[in-house]
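Basis for what follows: all heavy atoms, side chains included, without hydrogens, waters or symmetry-related copies. Residues take their numbers from the sequence shown, with the count starting at 1.
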Amino acid sequence: MGYDTFRTGTAIDGTSPSPAKVHGAIDGGKKRGFLASFDLSKANVDKVAGTFNVCFKKPKGHVVRRFSVVSSVSLTTSQLAFGISGTTGKYGAAMAYGTTANAEVVWHVATAEDDLDTDAETIIMTATVADLPASGIVNVEMETLAVA
């Protein structure tokens, strides 16, 4: 018999794993959504490849499930990564949005259990490979699981 990563514990007799108590964000956790909207025509949005924009503050105890991006314009060869300062791809490695405007592109996140104990984090979006366009709207949504 096997168990997933979150439910593996030590059996009383030591012969096989038994279910461990699972953090409430994993079993019965509530989905939470965070939305950031970037108007690329504004000076406060950094569009140069290799630079980043602040998206969200992920609260402690939230497990990141996914990011989704919808852009009103083609992002051509620009790639986006989601993470934190120093680890820009922690939650989503650089990936192209593509050239189709108003399409939803999703970065699924395989989150480790230790993310539950991570202090609040400032989540950033880093543009790589090419600059972002001079105009258009880019909406970014982060979905998390959290206890109540």
Side-chain angles (χ1 to χ4, degrees), residues 2-10 17 19-148:
Y3 296 97
D4 72 277
T5 303
F6 296 117
R7 289 162 185 79
T8 301
T10 304
K21 182 172 170 83
V22 180
H23 191 283
I26 302 300
D27 271 356
K30 305 286 186 199
K31 286 184 184 179
R32 300 285 188 243
F34 299 81
L35 180 66
S37 186
F38 297 96
D39 183 339
L40 299 177
S41 68
K42 303 289 185 187
N44 64 308
V45 177
D46 215 333
K47 296 172 274 296
V48 177
T51 62
F52 67 87
N53 291 283
V54 173
C55 292
F56 319 101
K57 184 73 129 183
K58 180 187 80 74
K60 181 177 181 170
H62 282 236
V63 176
V64 177
R65 287 196 63 239
R66 68 184 207 126
F67 289 89
S68 64
V69 174
V70 176
S71 175
S72 67
V73 295
S74 164
L75 298 184
T76 63
T77 58
S78 295
Q79 294 188 6
L80 304 176
F82 297 96
I84 59 174
S85 181
T87 312
T88 58
K90 178 177 181 177
Y91 293 114
M95 182 172 82
Y97 171 82
T99 58
T100 305
N102 298 310
E104 180 180 33
V105 176
V106 177
W107 281 250
H108 292 283
V109 180
T111 305
E113 186 173 11
D114 63 358
D115 195 46
L116 292 165
D117 299 321
T118 302
D119 288 334
E121 295 177 306
T122 299
I123 305 296
I124 61 173
M125 174 183 73
T126 304
T128 65
V129 180
D131 295 352
L132 295 172
S135 65
I137 303 293
V138 176
N139 287 332
V140 178
E141 181 184 7
M142 176 178 73
E143 185 179 288
T144 67
L145 291 175
V147 178

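Residues Val73 and Pro133 approach most closely at CG2-CG, 4.0 Å, considering heavy atoms. Here the closest heavy-atom approach between residue Ser71 and residue Val138 is recorded as OG-CG2, 3.7 Å. Taking each heavy atom of Gly33 and Glu141 in turn, the nearest pair found is CA-OE2, 4.5 Å. Summarising the geometry of Ala93 relative to Ala81, their closest heavy-atom pair is C-CB, 4.1 Å, with the distance given to 0.1 Å. For the residue pair Asp46 and Leu132, the shortest heavy atom distance occurs at O-CD1, 4.1 Å. In terms of heavy-atom proximity, Lys42 sits nearest to Lys47 at O-NZ, 3.1 Å.
Atom CZ of Phe52 is surrounded by 12 or fewer heavy atoms from other residues, nucleotides or ligands within 6.0 Å.
Side-chain contact between Thr100 and Ser74 is absent, with no heavy atoms from C-beta onward closer than 4.5 Å. Between Tyr91 and Met142, the closest side-chain pair of non-hydrogen atoms is not below 4.5 Å. Inter-residue side-chain proximity for Leu80 and Leu75 is flagged as met; some heavy-atom pair is nearer than 4.5 Å. The closest side-chain heavy-atom distance from Met125 to Val69 is not below 4.5 Å.
Shown here are the ring pair (Phe, Tyr, Trp, His ring centres under 6.0 Å) partners of Phe82, two or more places apart in sequence or in another chain: Phe67, Trp107. Every residue two or more places apart in sequence or in another chain that forms a side-chain hydrogen bond (donor to acceptor under 3.5 Å, both in side chains) with Ser37 is listed here: Asn139. Residues that satisfy the side-chain hydrogen bond (donor to acceptor under 3.5 Å, both in side chains) test with Thr144, not counting sequence neighbours, are His62. Thr122 is linked by a side-chain hydrogen bond (donor to acceptor under 3.5 Å, both in side chains) to Lys57, counting only residues two or more places apart in sequence or in another chain.
Partner of Lys90 under the side-chain contact (heavy atoms from CB on, under 4.5 Å) criterion, chosen from Ile124, Ile84, Ile123: Ile84.
The backbone N or O of Ala103 sits less than 3.5 Å from a side-chain atom of Tyr97, completing a donor-acceptor pair. Ser78 places no side-chain N or O within donor-acceptor distance of the main-chain N or O of Ala127, the cut-off being under 3.5 Å.
Applying the salt bridge (Lys or Arg N to Asp or Glu O under 4.0 Å) rule to pairs touching residues 124-135 yields nothing, sequence neighbours excluded. Applying the salt bridge (Lys or Arg N to Asp or Glu O under 4.0 Å) test to residues at least two apart or on different chains, the pairs with a partner in residues 95-110 are Arg66-Glu104.
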Let's go through Ser68 and Val105 carefully: what are the C-alpha distance in whole Å and the side-chain angles of both, what is the deciding distance for side chain to side chain contact (heavy atoms under 4.5 Å, CB included) to 0.1 Å, and is it a yes or a no? CA-CA 6 Å; Ser68 64; Val105 176; over 6 Å; no

